[in-house]
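Before any comments, here is the structure.
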Amino acid sequence: MADKKILINIFHPRMEQSRGNKAMMDAAKELPNVTVRNLYEEYPDFKIDVAKEQKLLLENDVIVFQHPLFWLSSPALLKEWQDTVLEKGFAFPPGQGDKLAGKIWQTAVTAGGPTEGYTKEGPFQADFEDILIPFRLTATYSSMQWQPAFAICSVMAEDDQWMRAITAEELDAEAARYKALLQSF
Ligand SMILES: Cc1cc2nc3c(=O)[nH]c(=O)nc-3n(C[C@H](O)[C@H](O)[C@H](O)COP(=O)(O)O)c2cc1C
């Protein structure tokens, strides 16, 4: 097993109602080299402790941004986190603010929509790599290494009548796939 230090910053405003992010969080917590945090619990008022966040970034090699897909993006606190934590001179410009240089940026999302919804042939004519372009460019402008996004689709309540939801067994398998990804770093 690799020994990189992994920080998982979870951005989920209603973790107590979560299926997907909860399963991912529980799987990640089984690994000794992983620090898992729920930023909405830490900053319910959106007042982010920038120095604390930057210190955590410096102490870790792999930074995972885990969140549900909200309107083809992230919950709002991740945007606030980016706007405050990725300061000039710390995260950018390349060659000057390069404290994060070489660290890995791994986005991990859950989506209510089905897998086929996130293909070039789907309703958005876009896959996850397209949808997440602002995050990829933020990573590269911060001199970090973007990894292809990890995604779990069809994450809804099991009794949802709208679309077929992922079953408990399928979600277990997806959480194991997430854990294996983390172990691969
Ligand atoms: C405000 C809001 C916006 C959402 N936007 C999307 C979306 O753009 N695409 C999608 O597939 N699911 C969307 N969803 C569904 C969530 O992605 C889904 O509920 C979540 O990934 C489930 O994860 P959880 O079990 O950890 O809560 C949205 C949900 C909310 C509440």
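Counting starts at 1 for both ligands and their atoms, in listed order.
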Protein contact to [atom] [nearest heavy atom, distance to 0.1 Å]:
atom: atom 8 (O) of ligand 1; result: Leu72 N, 2.9 Å
atom: atom 26 (O) of ligand 1; result: Ser18 OG, 2.6 Å
atom: atom 18 (C) of ligand 1; result: Val155 O, 3.7 Å
atom: atom 13 (C) of ligand 1; result: Leu69 O, 3.2 Å
atom: atom 23 (O) of ligand 1; result: Thr110 OG1, 3.2 Å
atom: atom 12 (N) of ligand 1; result: Gly112 N, 3.1 Å
atom: atom 27 (O) of ligand 1; result: His12 NE2, 2.7 Å
atom: atom 5 (N) of ligand 1; result: Trp71 N, 2.8 Å

Is there a side-chain contact between Leu7 and Val62 in this structure, where contact means two heavy atoms from C-beta onward sitting under 4.5 Å apart?
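They are not in side-chain contact.
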
Tell me yes or no: between the side chains of [X] and [Y], is some donor less than 3.5 Å from an acceptor?
X: Gln66; Y: Asn9; answer: no
X: Glu170; Y: Thr167; answer: yes
X: Glu53; Y: Trp81; answer: yes
X: Asp98; Y: Ser143; answer: no

Subset of ligand 1 atoms that lie under 4.0 Å from at least one heavy atom of [X]:
X: Gly113; value: 10 (C), 11 (O)
X: Pro68; value: 20 (C), 21 (O)
X: Asn21; value: 23 (O), 24 (P), 26 (O)
X: Arg19; value: 24 (P), 25 (O), 26 (O)
X: Gly20; value: 24 (P), 25 (O), 26 (O)

Side chain, backbone, both or neither: which part of Tyr118 comes within less than 4.0 Å of ligand 1 when only heavy atoms are counted?
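The answer is the side chain of Tyr118.
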
Under 4.0 Å between a side-chain nitrogen and a carboxylate oxygen: does that hold for Lys22 and Glu16?
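Salt bridge flag = no for Glu16 with Lys22.
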
Charged N to carboxylate O below 4.0 Å: is that the case for Lys5 and Glu59?
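No.
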
Value rounded to 0.5 Å, distance of CZ in Arg136 from CD in Glu129
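Rounded to the nearest 0.5 Å, the CZ-CD separation comes out at 7.0 Å.
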
Contact between ligand 1 and Arg14 is defined here as a heavy atom of the residue under 4.0 Å from a ligand atom; is it met?
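Judged by the 4.0 Å heavy-atom criterion, Arg14 does count as contacting ligand 1.
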
I need the minimum non-hydrogen distance between Leu86 and Phe92, along with the two atoms involved.
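That closest heavy-atom pairing would be O-CE2, 3.4 Å.
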
Could you check whether Phe65 and Phe135 have their ring centres less than 6.0 Å apart?
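For Phe135 and Phe65, the ring centres are not under 6.0 Å apart.
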
